Novice: 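This is the structure I have questions about; it appears just below.
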Amino acid sequence: MTDSRKGRCQCGAVEYEFTGSPQTIHACHCSECQKRSGSAFGLTMVVNRKNFTIIGQVSTYVRAADSGQTNTSYFCPNCGNPIYGEVERLPDIVTIRPGTLDDTSWFKPERHQWTESAQSWFEFPEGCEVLPKSRW
Ligand SMILES: [Zn+2]
Ligand SMILES: [Zn+2]
């Protein structure tokens with residue numbers, strides 16, 4: 001029996017579920033993640049697509065990344081809450097916005113990336129990997 005985790009948007013119209021352990025959880029301080037989250041950084045939880053199920057109708061926003069590939073953001077059409085994303089060059093994964101999980105107590109980002117554009121007041125926690133740009 002695999003562990004199943006659930007999440008939902010602010011209004012509850014969109015729900016999702018995934019099984020298994022995330023591949024990685026990181027904080028991204030790039031300007032796009034700051035913009036998308038409306039915050040100082042974005043959190044990304046990488047999960048195998050085959051373990052991920054979305055329940056409800058989602059809207060999409062497709063943006064061209066610096067690499068020339070596209071990044072697609074999926075959000076609730078009713079409350080606008082970003083739920084997850086897709087990276088064109090990595091078709092086997094989805095990138096969940098883990099603040100939408102029902103239980104947010106169990107995860108912690110293991111890496112901070114694009115720290116060259118991080119807010120100047122942010123202090124990086126000890127023991128986590130800090131990358132000026134991105135690794136993937
Ligand atoms: Zn919603
Ligand atoms: Zn980012």
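Order of appearance sets the numbers: ligands from 1, and atoms from 1 within every ligand. These numbers were taken from a predicted model, which means no experiment stands behind them.
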Novice: Is C28 close enough to the Zn ion (ligand 2) that one of its N, O or S atoms comes in under 2.8 Å?
Specialist: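 Coordinating: yes.
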
Novice: Measure centre to centre between the rings of Y61 and Y74, then say whether the value is under 6.0 Å.
Specialist: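 No, ring centres 6.0 Å or more apart.
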
Novice: Quick one, I54 and V14 - any side-chain contact, counting heavy atoms below 4.5 Å?
Specialist: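 Touching, per the 4.5 Å side-chain cut-off.
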
Novice: Under 6.0 Å between ring centres, would you say that holds for H26 and F41?
Specialist: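 Here the rings of F41 and H26 have centres that are no less than 6.0 Å from each other.
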
Novice: Quick check for you: with the Zn ion (ligand 2) as the vertex, what angle do SG of C33 and SG of C30 span, to 10°?
Specialist: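 Once rounded, the angle between the two atoms at the Zn ion (ligand 2) is 110°.
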
Novice: Using 30° and 60° as the class limits, which term best fits the ring planes of F18 and Y16: parallel, tilted or perpendicular?
Specialist: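 Answer is parallel, since the angle falls under 30°.
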
Novice: Nearest 10° is fine: what angle sits at the Zn ion (ligand 1) between SG from C79 and SG from C76?
Specialist: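 It is 110°, given to the nearest 10°.
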
